[in-house]
Amino acid sequence: MMTGLKTGLVLGGGAARGAYEAGVLSYLREELEPELGRELRLDILVGTSVGALHACYLAATSDQPALQGQGMRAHWTGMKVEEVLRFGVGDVFRILREAFGKPAPHPRDIQYGGLVDPRGLRAIVSRGIPWLGIGRNVRRGYLEALAVSTTHVGSGRATVFVQRHGGGIPSWGNDPSYQAEAARIGPNHALASAAIPVVFPAVRLQGQLHVDGGLRLNVPLSPALRLGAQRVIVVSLRHEAIRARKPESAPSSSEQEREQALATAPFLAGKMLNTLMMDRTDQDLGRLRRLNAILEAGTVAYGPGFAQTLSAVLEPHRSQPMRYVRELLVRPSRDIGALAAEYVRTPEFRRRSSGLAHKAILRLVDRDATHEADLASYLLFDGGFADILIELGRQDARALRSEWLRFWSDEPQTVAEMATRTPTANAA
């Protein structure tokens, strides 16, 4: 029987789309755990952007896992656009001042390029996460490690800040575009990871400016593996691409409308944001699955020492030995941009508020294509929209029940998994 497998949770970025992750966690804590009759321990928490905020919350409350699903849902459903997207006439003058290189009256007032006043988001992050709980829970062993990713403005490198039991960081490799730093993770790390360029200002960490980690590492699978995860849950916020229409078929009316919308700035901004927040989940999981297949075939053919032999041969090119890693992917079954377009046009959203941010989102959707609103979906920090995404996350997670049961099973899934599982095994 296999026991004590280190489980990693990898949470991707997507700003307001992150309510979907709350739905997945809600299913895990409030449906699957009661069914299995035991706590499902999450040892390694890794996140980018809104996923970093969630990872920090889960780390800070890892001593009370039964309350996590409810806590995340309550946070999202009580949200209003104006609480997060604060801007007004003063911000217009600030942006003009920054554009012409005139400094703010005091260094604390410098926004470093953001269109939105960050105080709203900072207040939500500060009061929504019991930050002192992170260090306490890491020390007491409720979790093994927490990591959040950012993008270093000066170099463009992905930076992963790590806080783990025992301190320090494991062997990390020598990729010049990707580095790890040991840190005592706090609000500024989470805010930096969630600082969507242009929308939110960059954040200083140790004197250096950092922005949204999704620019380089939107679904941070690799850090979870390097931190020792032996099985990983990956939550992506990108809907699986629909197969392309055959070239010879005539374009539908909705496709013609979409092409016409290409000329609008909101549509292009949404697509640009999708591109900037590139989700490499399929590529990263593809590599992991290929490695698992190689280890399985080699172990069957040459015996349980195959992985060790292969690791020795590849040691000059890898920082850590190879190991079979279980994985489970949860992703939206529906296009979140399309859901945003549908929701913003409902009477419910129009009734919720009448502030400037609310009106701006209405305007964005009115000018965008009827059936998709990518830009708005990133900015729609609204309790009603969150409800929709939370329920979608629960449904999508529930649809994978058989995969969850396999994932959490204590029984070995393959001969390679049995052969490569050791108490001190490191990640691939």
Side-chain angles (χ1 to χ4, degrees), residues 11 13-19 21-22 47-61 71-72 74-88 90-95 97-98 103-135 146 148-153 159 161 163 183-215 353 355-358 360-361 378-383 386:
L11 299 169
R17 297 179 176 209
E21 295 175 345
T48 292
S49 191
V50 68
L53 301 181
H54 288 157
C56 289
Y57 172 79
L58 293 172
T61 59
M72 292 179 72
H75 170 79
W76 278 101
T77 56
M79 193 171 286
K80 293 183 179 180
V81 172
E82 284 78 9
E83 291 181 350
V84 181
L85 303 181
R86 292 184 180 180
F87 58 90
D91 293 284
V92 174
F93 287 110
R94 171 180 55 77
I95 294 166
R97 183 177 59 233
E98 291 179 0
H106 191 282
R108 289 176 301 180
D109 298 325
I110 300 176
Q111 301 298 308
Y112 301 115
L115 297 177
V116 175
D117 185 336
R119 288 177 293 181
L121 180 60
R122 180 175 290 276
I124 291 172
V125 169
S126 297
R127 69 171 182 259
I129 298 174
W131 290 96
L132 294 178
I134 294 176
L146 166 68
V148 301
S149 69
T150 70
T151 301
H152 180 246
V153 173
T159 301
F161 292 95
Q163 184 169 353
R184 182 178 179 181
I185 294 175
N188 280 347
H189 295 91
L191 288 166
S193 185
I196 302 174
V198 181
V199 179
F200 292 109
V203 177
R204 283 198 180 275
L205 298 172
Q206 300 176 353
Q208 302 292 318
L209 290 177
H210 291 256
V211 293
D212 200 308
L215 298 181
S353 63
L356 184 59
H358 180 269
I361 289 176
Y378 287 99
L379 305 178
L380 198 50
F381 295 94
D382 175 272

(message) Let me confirm one number: the CG-CD1 distance from L146 to I185, rounded to the nearest 0.5 Å.
(response) 4.0 Å

(message) Nearest 0.5 angstrom please: E21 CD to W76 CH2, how far?
(response) 8.0 Å

(request) For the pair T151 (side chain) and D212 (backbone), establish whether a donor and an acceptor sit closer than 3.5 Å, ignoring hydrogens and angles. (result) yes

(request) Give a yes or no on whether the backbone of S149 and the side-chain of S193 come within a donor-acceptor separation of less than 3.5 Å. (result) yes

(request) Flag the pair I129 / P187 as yes when at least one side-chain heavy-atom distance between them is below 4.5 Å, and no otherwise. (result) no

(request) Give the intermediate values and the outcome of side-chain contact (heavy atoms from CB on, under 4.5 Å) for residues L58 and L11. (result) CA-CA 11 Å; L58 293 172; L11 299 169; 4.3 Å; yes

(request) Say whether, by atom type as modelled, one donor and one acceptor occur between the side chain of W131 and the main chain of V125 under 3.5 angstrom. (result) yes

(request) Quick one: closest heavy-atom pair of N188 and R204, and the distance? (result) ND2-O, 4.4 Å

Side chains of residues 195-203: which donor-acceptor partners sit under 3.5 Å, not counting sequence neighbours?
none

(message) Could you check whether any side-chain heavy atom of R17 comes within less than 4.5 Å of a side-chain heavy atom of V50, counting everything from C-beta outward?
(response) no

(request) To the nearest 0.5 angstrom, please state how far the CG atom of L53 sits from the CD1 atom of I124. (result) 10.0 Å

(message) Would you say that H189 contacts T150 through its side chain, given a criterion of any heavy-atom pair below 4.5 Å between the two side chains?
(response) no

(message) Going by ring-ring contact (aromatic ring centres under 6.0 Å, His included), name the residues that satisfy it together with H210, two or more places apart in sequence or in a different chain.
(response) H152, F161

(message) I need the minimum non-hydrogen distance between S49 and G14, along with the two atoms involved.
(response) OG-N, 4.1 Å

(request) Determine whether M72 and Y57 make a side-chain contact, defined as any pair of heavy atoms from C-beta on separated by less than 4.5 Å. (result) yes

